[in-house]
Amino acid sequence: MDKVVWLVAGNKGGAGKSVVAKSLVEWLKIQKVPITVIDGDQCTLDVYSVFNTLYRTEQFNLHDDSGWALFSDLLCQPDMIGHVVTNLPDGVNKRVIQFFQKFSTIVSYHGFQVKVLFVMNTLPDGLQLFLNLSEAFPTVIPIKNLFFGAGSKFTHFDAAYGHEYLDKTILFPRMNPNIMQVVRESNMSFSEFIQQRDNSENNFIYAKIVVSNWQAHMLEAFDDFLIPN
């Protein structure tokens, strides 16, 4: 069975890492693989709070290299199998970047591949992290979050890396920001939100239709890039 560590990183706070991490968990569920969820962004534990009753879910301070050491120890346990979705914190510092290569070597020894999803907005801030990740890990997939504009608006990324990643970049669909906020406040996964049948204030048909349509586009975008050829 495949053993994959997914690292969801972002070029800047608010780029949409948590949304992409939660979406990746839902895509992997459809692939019928074992899932573990790691939330390394202890400022906002959105991902942990949504999935902690559904999957094995852990928290680590991945702002610090000691947190990466604990994370590595977890992955070295013999019962760790399947896919591990990891939401990285904002503002990864130089000490952590220096630990990337060691982390890759350790988990590879225990049979894990490391794949990175790099979520971005249209700003140039934080694009250096994309290069750092590419130097440390064999698979880094850029994601343009269309919440911030059409794919052509990501001019800073395209100028720096677009020639190499022209046909290798996921276009992550935009969702109505008001509806996205409703989903976030519900503390549900996207699938749970769509399927809810109770009388809660989050349960209204229009929102569920919007989320359902968005989810279909999101899953299709992942299918196009994440399913091996």
Side-chain angles (χ1 to χ4, degrees), residues 5-27 40-41 43-44 46-47 62-63 85-101 104 113-181 183-184 190 210-211 213-229:
V5 177
W6 297 89
L7 303 179
V8 184
N11 75 314
K12 193 170 178 63
K17 287 188 299 84
S18 295
V19 175
V20 169
K22 289 185 279 189
S23 298
L24 179 61
V25 171
E26 300 216 345
W27 182 82
D41 189 349
C43 293
T44 55
D46 291 357
V47 180
L62 298 184
H63 270 301
V85 176
T86 311
N87 186 43
L88 296 186
D90 299 331
V92 175
N93 59 40
K94 291 183 178 179
R95 287 183 64 191
V96 170
I97 290 170
Q98 292 170 354
F99 195 78
F100 281 165
Q101 191 62 60
S104 182
Q113 303 175 61
V114 180
K115 298 184 179 183
V116 182
L117 299 184
F118 183 79
V119 189
M120 71 187 95
N121 57 23
T122 57
L123 299 174
D125 310 45
L127 286 180
Q128 176 63 34
L129 179 59
F130 181 81
L131 179 60
N132 298 137
L133 290 163
S134 299
E135 290 173 346
F137 303 112
T139 302
V140 181
I141 303 169
I143 296 182
K144 294 180 177 179
N145 188 348
L146 300 187
F147 176 84
F148 299 100
S152 60
K153 299 294 185 182
F154 292 74
T155 54
H156 299 287
F157 176 83
D158 291 343
Y161 308 107
H163 60 286
E164 183 178 353
Y165 290 92
L166 183 63
D167 300 319
K168 303 175 184 177
T169 301
I170 295 176
L171 300 180
F172 193 76
R174 179 186 187 278
M175 189 200 286
N176 179 300
N178 295 326
I179 299 297
M180 181 63 80
Q181 184 62 28
V183 178
R184 181 176 181 177
F190 300 116
V210 171
V211 175
N213 289 336
W214 173 86
Q215 184 191 53
H217 291 297
M218 173 271 289
L219 294 173
E220 183 179 4
F222 279 176
D223 283 346
D224 290 342
F225 287 87
L226 302 186
I227 293 179
N229 295 324

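Each residue takes its place number in the sequence, starting with 1.
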Peer 1: What is the distance from atom CD1 of Ile170 to atom CG of Leu146, rounded to the nearest 0.5 Å?
Peer 2: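 If I round to the nearest 0.5 Å, the distance is 11.0 Å.
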Peer 1: Between the main-chain N or O of Gly14 and the side-chain N or O of Asn121, is there a donor-acceptor pair closer than 3.5 Å?
Peer 2: no
Peer 1: For Leu129 and Gly10, work out which heavy atoms get closest and say how close.
Peer 2: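 In terms of heavy atoms, the two residues are closest at CD2-O, 3.6 Å.
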Peer 1: Does the Glu26 side chain pair with the main chain of Phe190, one donor and one acceptor, at a distance under 3.5 Å?
Peer 2: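 Here the side-chain-to-backbone pair exists.
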Peer 1: Less than 4.5 Å apart, side chain to side chain, heavy atoms only: is that true for Val211 and Ile179?
Peer 2: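 Yes, at least one pair of side-chain atoms sits under 4.5 Å.
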Peer 1: How far does NZ of Lys115 sit from CD1 of Ile141, to the nearest 0.5 angstrom?
Peer 2: 6.5 Å
Peer 1: State which residues pass ring-ring contact (aromatic ring centres under 6.0 Å, His included) with Phe130; sequence neighbours excluded, sorted by chain then number.
Peer 2: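 So Phe130 forms a ring-ring contact (aromatic ring centres under 6.0 Å, His included) with Phe118, Phe157, Tyr161, Tyr165.
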Peer 1: Considering non-hydrogen atoms only, spot the tightest contact between Trp214 and Pro173 and give its length.
Peer 2: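 Closest pair (atom of Trp214, atom of Pro173, distance): NE1-O, 2.9 Å.
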Peer 1: Calculate, to the nearest 0.5 Å, the distance between atoms CZ and NE2 belonging to Arg174 and His217 respectively.
Peer 2: 13.0 Å
Peer 1: Going by the side-chain hydrogen bond (donor to acceptor under 3.5 Å, both in side chains) test, which pairs reach into residues 131-151, not counting sequence neighbours?
Peer 2: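 Listed once each, the pairs are Lys144-Asp158.
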Peer 1: Test of understanding: with side chain to side chain contact (heavy atoms under 4.5 Å, CB included), list the residues that count as partners of Asp90, not counting sequence neighbours.
Peer 2: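 Asp90 satisfies side chain to side chain contact (heavy atoms under 4.5 Å, CB included) with Lys17, Asp41 once adjacent residues are dropped.
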Peer 1: Parallel, tilted or perpendicular, judged at 30° and 60°: which one describes the rings of Phe172 and Phe222?
Peer 2: tilted
Peer 1: Taking all heavy atoms of Ala21 and all of Val85, pick out the closest pair and write down the distance.
Peer 2: O-CG1, 3.8 Å
Peer 1: Once you round to the nearest 0.5 Å, how far does CE of Met175 lie from CG of Asn213?
Peer 2: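 Rounded to the nearest 0.5 Å, the CE-CG separation comes out at 10.0 Å.
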Peer 1: Answer yes or no: is there a side-chain heavy-atom contact under 4.5 Å between Leu88 and Val116?
Peer 2: no
Peer 1: Mind listing the closest non-hydrogen atom pair of Val96 and His63 along with its distance?
Peer 2: CG2-O, 3.3 Å
Peer 1: Rounded to the nearest 0.5 Å, what separation is found between the CG atom of Asp167 and the CG atom of Asp224?
Peer 2: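 Nearest 0.5 Å value for the CG-CG distance: 12.0 Å.
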Peer 1: To the nearest 0.5 Å, what is the distance between CG on Leu24 and OG1 on Thr86?
Peer 2: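 Answer for the CG-OG1 pair, Leu24 versus Thr86, is 9.5 Å.
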Peer 1: What pair of heavy atoms forms the shortest contact from Ser18 to Asn87, and how long is it?
Peer 2: OG-ND2, 3.6 Å
Peer 1: Report yes if some heavy atom in the side chain of Val92 is under 4.5 Å from a heavy atom in the side chain of Phe100; otherwise report no.
Peer 2: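 In short, these two side chains touch, coming nearer than 4.5 Å.
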Peer 1: What is the minimum heavy-atom distance between Lys22 and Asp46, and which atoms define it?
Peer 2: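 Reported closest heavy-atom pair: NZ-CB, 4.3 Å.
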